[in-house]
Amino acid sequence: MANRTDPLAKNIRGTNPQNLVEKIVRTKIYQHTFWKEQCFGLTAETLVDKAMELDHLGGTFGGNRKPTPFLCLILKMLQIQPEKEIVVEFIKNDDYKYVRILGAFYLRLTGTDVDVYRYLEPLYNDYRKVRQKLSDGRFSLTHVDEVIEELLNKDYSCDIAMPRLKKRWTLEQNGLLEPRKSVLEDDFEEEEEKEENEGIADKSEDEKDHHRKSPERERERDSDRRRDSHRHRDRDYDRDYDMDRDYDRERGRGRERDRERDRDHYRERDRDRERGRDRERDRRDRARRRSRSRSRDRKRNETDDVRDRDEPKKKKEKKMREDGTDHPDPEIAEQNRLRASLGMKPLKM
Amino acid sequence: MIEVVLNDRLGKKVKVKCNEDDTVGDLKKLVAAQTGTRAEKIRIQKWYNIYKNHITLKDYEIHDGMGLELYYN
């Protein structure tokens, strides 16, 4: 009797409003002492008093999944179904943040999409800290706006599956909502103006940065590095810059580089082979070999050459992927794909 | 790689391939992917021993082909 929904209550999403909470969680709440003692015979007014006493939010916790008082009050609200004005009052009140979150949660469960966006988005500006009870019983720190973000974007919170919410841009396109105006928009505009004024002076430096960060640059020779050290200060040792190549070729240094390359004896073997291939890869290989020879044994270098020579022959053999998703057995490959998507290591055969 | 059988005695019986050094939490994620329930809602037991999430299957001595009980929170 105490657990039955108010007979005057409307159906929410086609069903008894209490069914929004799953059967198992609902049963746990009904058996809990907080529900039996404190939530018996609550009305909308007395519910406010109980809500003001809340000091943390959360779903179920512990080995036997005890519900938090927050969750019990949510179920109570679903049972008595307060008016929309009352819920909006809960949200608008500024003094008690847990009452606010309670109202917001209830609205997310029962309100229409437009209402949800309209009433919950202003709560993004509330940065107060709240205490959240995790499922293993510990407390964690979070903020009101983080909770609201979770309510609006995720489909599961506090052990209750949220009803589906239409995306904001769908509602905007249908004209039911205006595009979101952030409270920080004015601050951003001010900052943008400041940056524009300062940005003109820094433009040349930015260009260099752009080149430096590009990953597909070729390797460069030490001599060029030395020559151009005045232009690039903190360089990555392994990168080459197209800018430099063009710069060099313009100044007639390009031909010099080719000649110097021919001169090195261990490259003559490969020169004919490589003429017809991708020049970038050549330069990269050559530079790798070049940089290696500077710091390591010649012997090591020769084995590299042998490996490089065999590499194109083995090009057709497929490389086995690390996470085992291309295992010959399709079942195992599928399992490994699932494990990779969950962030686990592949199956050990 | 071992294969464990999870049965909830109400019609859901799943076989899951996993490593011995996977934790029970990982196993729950795999079961969730196969059955469609959420991983947090699953409880894996053997008689009255509820298996904890952070312990590996090897430490619980779960071997290949062993049957576990599937319950829900």
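The sequence lines fix the lettering, A, B, ..., with proteins before strands; numbering per chain opens at 1.
Within a 6.0 Å radius of CD in A:E172, other residues, nucleotides and ligands contribute more than 12 heavy atoms. In this structure, B:K13 places its NZ atom where only 12 or fewer heavy-atom neighbours from other residues, nucleotides or ligands lie under 6.0 Å away. Annotation: A:Y96, atom OH; neighbour count of heavy atoms from other residues, nucleotides and ligands within 6.0 Å does not exceed 12. Residue B:K12 qualifies as enclosed at atom NZ: its count of foreign heavy atoms under 6.0 Å is above 12.
Using modelled atom types, one side-chain atom of B:N19 and one backbone atom of A:P346 make a donor-acceptor pair closer than 3.5 Å.
Ion pair B:K17/A:E331 flagged as a salt bridge, since at least one NZ, NE, NH1 or NH2 atom sits closer than 4.0 Å to an Asp/Glu carboxylate oxygen. In summary, A:K348 and B:D21 engage in a salt bridge, as defined by a charged side-chain N under 4.0 Å from a carboxylate O. Under a 4.0 Å N-O distance rule, the pair A:R339/B:D22 qualifies as a salt bridge.
Of the residues considered (A:R65, A:E22, A:M349), A:R65 shows the highest number of contacts with chain B, using heavy-atom pairs under 4.5 Å. Of the listed residues (B:E20, B:R43, B:K29), the one with the most heavy-atom contacts under 4.5 Å to chain A is B:K29.
If you measure heavy-atom distances from A:N64 to chain B, you find no contacts under 4.5 Å at all. Proximity to chain A (any heavy atom under 4.5 Å) is restricted, for B:E40, to the side chain, taken from C-beta onward. For B:K41, the part sitting under 4.5 Å from any heavy atom of chain A is the side chain, from C-beta outward, and nothing else.
Rounding to the nearest 0.5 Å gives a distance of 5.5 Å between CG of B:L30 and CG of A:L338.
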